[in-house]
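We count ligands from 1, going down the list as the structure has it; atoms in each ligand are counted the same way. Keep in mind the model is a prediction, meaning the values are calculated, not measured. These numbers come from the heavy atoms of this one structure, side chains and all, not from hydrogens, waters or symmetry mates.
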Amino acid sequence: MSHAALNALEATGKTCPTNAPAATLRQIYRTHTDPNRVQAARQGLWVAVFVYMLFAISDYILIPDVANTTILARCVVGLTTLVVLEVSCWAKAGARVIEGISAAALVAGYLFWLLPAMQTEATESIRLYMIFGTIFMMGANLFFIFPFVLSVITSMIVLTILLVSMGVMYPGEPAYLITFGLFYMSCFIFTSYVNWKLNGERYNVFLNALEAAHQHREAEKRGVALERLSNTDYLTGVENRRAVDKRLRDFWNDWQANGSSFAAILVDVDFFKKYNDFYGHQAGDRCLILVASVLNDTLKPLNASVGRYGGEEFIVLSRVTGRDQVMALCEIIRSAVEGLHLVHDQRRDGQAVVTVSVGASYTRPQTGPKLERIINEADRALYSAKANGRNCIRLFNPNDPLTSDDNENIAATLRMAIKNDLVHLVYQPIKNLRTGRVEAVESLMRMKMIDGTPLSPAQFIPVAERTGAILDLGLWAIRQACTEVLATGVAPMASVNVSAIQLKSRGFALAVSTILEETQVSGSQLAFEITEGIDMEGQSDVIRCITDLQALGIRIWLDDFGTGFAGLSWLRLFPFDTVKIDRSFLQDARRPAGRAMLEDIIRLIRNRGLKILIEGLETADHVDLMHELGIELGQGYYLGRPAPIEDVRIKAVPRLASVAGR
Ligand code: C2E
Ligand code: CA
Ligand code: CA
């Protein structure tokens, strides 16, 4: 109720009860207590009428000679009152009317009883019985919650009736008149006084409630303002990091629960440091404010939110339906900032205005279980956008170049990769193109980060080589290929990629022989693929290592032939078993010159008496070409993609059966 009263007060233009005029407050008090007063008066009157009728019993005992008339009077007054009351309530009469009816009923109840009662012969009884007039006075002042004026008028009428009737009945008895007259008057004064006090009290309670409601509303308003402040970036007025993090969590939970996709887009102002240094910090701040507000204005209608993520970096979060929508959003962002035409002639990259680089990522089914990952992906996309000359947009791609942070993460992950099951091998078939048989499988390493992000070997192998983690991982891969593929007979042969670092490390050949022994695998089933990218000349320890491995029966294959510079001298140095021709030659073979080159290389290797394996067969045309060129061994997506051991095992079932049947 007090909130409704506060609304009424605010409607008058006053916001707070303390500065509102008393008349206004009174008015509001009256209107807002009206329904309660109707209710109270109605209840009170029903109770009063009931008690009034009960007094028929005492009439019968005290003034039996006129009891019939007084009881009839009681009934008439009581029932009339109730009928009038209910009709008025039904007609939605206000408190003033109901209270008026109650007051009138009080007076009538007393008067219409008193008049016939005064006719009684029982003079002693009526003398005392008349005192009950005070009850009517108290009823007006204390029982009903009448406004003060109505109370006083009602009780004064009752008092007057009392005094007049006394004077009429006992004119010759001054003692009686004085004592009872005084008693009645005191009664009137005291109860009127209490009524006055009560009314004041009630009004104060109302004012306090109004004040409390006002305070409450103010506190709520302050809370909302505070909340807004704590979620807003002080400089640009867009959401701050705190708000962004919360929104991101909400989006993420929604994605987990209902699968509603969203995109995280990182927006970084290009060459901002240069801008700041040259134009000064104030201009720098102004630049950020302008960028923030153009982003806000452009993206608000698209239901995307903008936040400041750090220094000159903003983040845009939006619900999206797919890749195209993300790209469109990114382009809107990029062109909106470019469209500001904010001069920045310090950048020396051919542009003279402020631009942004944009990196985005969005939820896809394989995004995995961690929230940070989507930001991490957007960050990598942003890094890639920067690396691509800035003022451009990039969507996350797992093969994006890595940031130094990423590399550190990878280095840390590599240290615990084996123990935490973060690495596994996949196997790609190497087929005989004439018979279609799987001659061998190549083992390729796969790794994921703790949060499930997959990494490509192009990302983690160089880090592993730099940190030396490749030594343990390399031996692990050899052991894994031996146990998974060779010891179980899933494929007749397996090749494992081996880095130069491994060949240079002490005791590598010994460690390999231990693995062969432990897994009961013959060295002749194993091939090591070595890339020609490293300069081996003069590396006597590497040469010794390779000789040791060959002594174990292990074949040494030359990988990626033709991509490095040392290929030919390599061929001169080692008795390789097989040479894998890099897939770039196959791609080039579409052109006559490329095809001639491929034929030359094939001839060269054949002349040295080595086996040839061509990588990267992706189409039926590629395979036809192999037949034309007389190539027997091939590997590529067309023949089979790298697959986990479970899949390889299933494909190998017929082979395993025929081996067992022999
Ligand atoms: P690689 O030894 O030349 O391996 C062949 C790569 O080409 C694999 O990529 C394979 O998935 C991909 N590939 C196979 N067939 C096709 C095809 O038809 N078309 C195309 N476009 N690609 C095809 P992946 O697995 O990403 O490996 C990349 C490189 O990472 C490997 O090149 C290898 O140098 C290195 N690597 C992978 N596993 C290991 C390992 O256990 N140890 C070491 N030291 N290096 C590894
Ligand atoms: Ca290889
Ligand atoms: Ca290769």
Q) Please state which protein non-hydrogen atom is closest to atom 15 (N) of ligand 1 and give its distance, to 0.1 Å? A) Gln428 NE2, 2.9 Å
**Q.** Side-chain donor-acceptor contact under 3.5 Å, Glu465 with Ser499
**A.** yes
Q: Using a strict cut-off of less than 4.0 Å between a Lys/Arg side-chain nitrogen and an Asp/Glu carboxylate oxygen, indicate whether Arg249 and Asp245 qualify as a salt bridge.
A: no
Q: Record the part of Asp559 in heavy-atom contact with ligand 1 below 4.0 Å; permitted values are side chain, backbone, both and neither.
A: side chain
(Q) Regarding atom 3 (O) of ligand 1: of the candidates Ile470, Val423, Asp560, which has the closest heavy atom? (A) Asp560
Q. Is a side-chain N or O of Arg394 found less than 3.5 angstrom from the main chain of Ser384, in a donor-acceptor match?
A. no
Q.
Please list the nearest protein heavy atom to atom 5 (C) of ligand 1 with its residue and the distance rounded to 0.1 Å.
A. Glu615 OE2, 3.9 Å
**Q.** Sidechain N-carboxylate O distance under 4.0 Å for Arg595, Asp588
**A.** no
Q: Between Ile461 and ligand 1, find which residue part has any heavy-atom pair under 4.0 Å and reply side chain, backbone, both or neither.
A: side chain
Q: Measure up the Phe508 and Phe528 rings against each other and bin them: parallel (under 30°), tilted (30 to 60°), perpendicular (over 60°).
A: tilted
Q.
If you consider just the N/O/S atoms, which atom of Glu442 is the closest one to the Ca ion (ligand 2)?
A. OE2
Q) Counting only heavy atoms, which portion of Glu442 has something under 4.0 Å from ligand 1: side chain, backbone, both, or neither? A) side chain
Q) In the protein, what heavy atom is nearest to atom 7 (O) of ligand 1, and what distance, to one decimal place, separates them? A) Arg583 NH1, 3.2 Å
Q: Tell me which protein heavy atom sits closest to atom 29 (C) of ligand 1, plus the residue, atom name and distance to 0.1 Å.
A: Pro457 CB, 4.2 Å
Q: Please state which part of His622 comes within less than 4.0 Å of ligand 1, counting heavy atoms only: side chain, backbone, both or neither.
A: neither
Q | Metal check, the Ca ion (ligand 2) vs Thr531 N/O/S, cut-off below 3.0 Å | A | no
(Q) Can you tell me how far apart CD (Glu646) and NZ (Lys651) are? Round to the nearest 0.5 Å. (A) 12.5 Å
Q | Option whose closest heavy atom lies nearest to atom 42 (N) of ligand 1, chosen from Val496, Ile478, Leu473, Asn497 | A | Asn497
Q.
Checking a contact table here: which protein heavy atom is nearest atom 20 (C) of ligand 1, and how many Å away?
A. Glu618 OE2, 3.2 Å
Q: Look at Arg479 together with Glu518 and state whether they make a salt bridge at an N to O cut-off of under 4.0 Å.
A: yes
Q) So, is Gln635 polar-close to ligand 1, with some N/O to N/O distance under 3.5 Å? A) no
Q) Please state which protein non-hydrogen atom is closest to atom 11 (O) of ligand 1 and give its distance, to 0.1 Å? A) Pro642 CG, 3.5 Å
Q. If we ignore angles and hydrogens, is there a donor and acceptor under 3.5 Å between the side chains of Glu529 and Ser495?
A. yes
**Q.** Numbering as shown, the atoms of ligand 1 that approach Gly636 to under 4.0 Å (heavy-atom distance)
**A.** 15 (N), 18 (O)
Q: Determine, counting only non-hydrogen atoms of the protein, whether one lies under 4.0 angstrom from atom 32 (O) of ligand 1.
A: no
Q) Would you find a donor on one side and an acceptor on the other, under 3.5 Å apart, between the side chain of Asp270 and the backbone of Asn391? A) yes
(Q) Could you check whether Asp600 pairs with Arg603 (Lys NZ or Arg NE/NH1/NH2 to Asp/Glu carboxylate O, under 4.0 Å)? (A) yes
Q. Are the side chain of Asn432 and the backbone of Arg434 linked by a donor-acceptor contact shorter than 3.5 Å?
A. yes
Q.
Return the closest protein heavy atom for atom 10 (C) of ligand 1 as residue, atom name and distance.
A. Leu444 CD1, 3.9 Å
Q. What is the closest protein heavy atom to atom 44 (N) of ligand 1, and at what distance does it sit?
A. Ser499 OG, 3.0 Å
Q.
Does either side chain, that of Gln550 or that of Asp577, offer a donor lying less than 3.5 Å from an acceptor on the other one?
A. no
Q) Do any N/O atoms on Tyr637 end up under 3.5 angstrom from N/O atoms on ligand 1? A) yes
Q: For the Ca ion (ligand 3), find the closest N/O/S atom belonging to Asp559 and write down its atom name.
A: OD1
Q) So which N/O/S atom does Asp560 have closest to the Ca ion (ligand 3)? A) OD1
(Q) Please identify which of these residues, Lys580, Arg583, Lys431, meets the side-chain hydrogen bond (donor to acceptor under 3.5 Å, both in side chains) condition with Gln635. (A) Lys580
Q.
Taking Glu239 first and then Arg247, would you say they form a salt bridge - that is, a charged N and a carboxylate O separated by under 4.0 Å?
A. yes
Q) Hey, does Met445 come in under 3.5 Å of ligand 1, counting only N/O atoms on both sides? A) yes
Q. With backbone taken as N, CA, C and O and side chain as the heavy atoms from C-beta onward, which portion of Arg641 lies under 4.0 Å from ligand 1: side chain, backbone, both, or neither?
A. neither
Q: Restricting to N/O/S, name the atom of Glu529 that gets closest to the Ca ion (ligand 2).
A: OE1
Q) Does a donor on one side chain sit under 3.5 Å from an acceptor on the other, for Thr453 and Asp451? A) yes
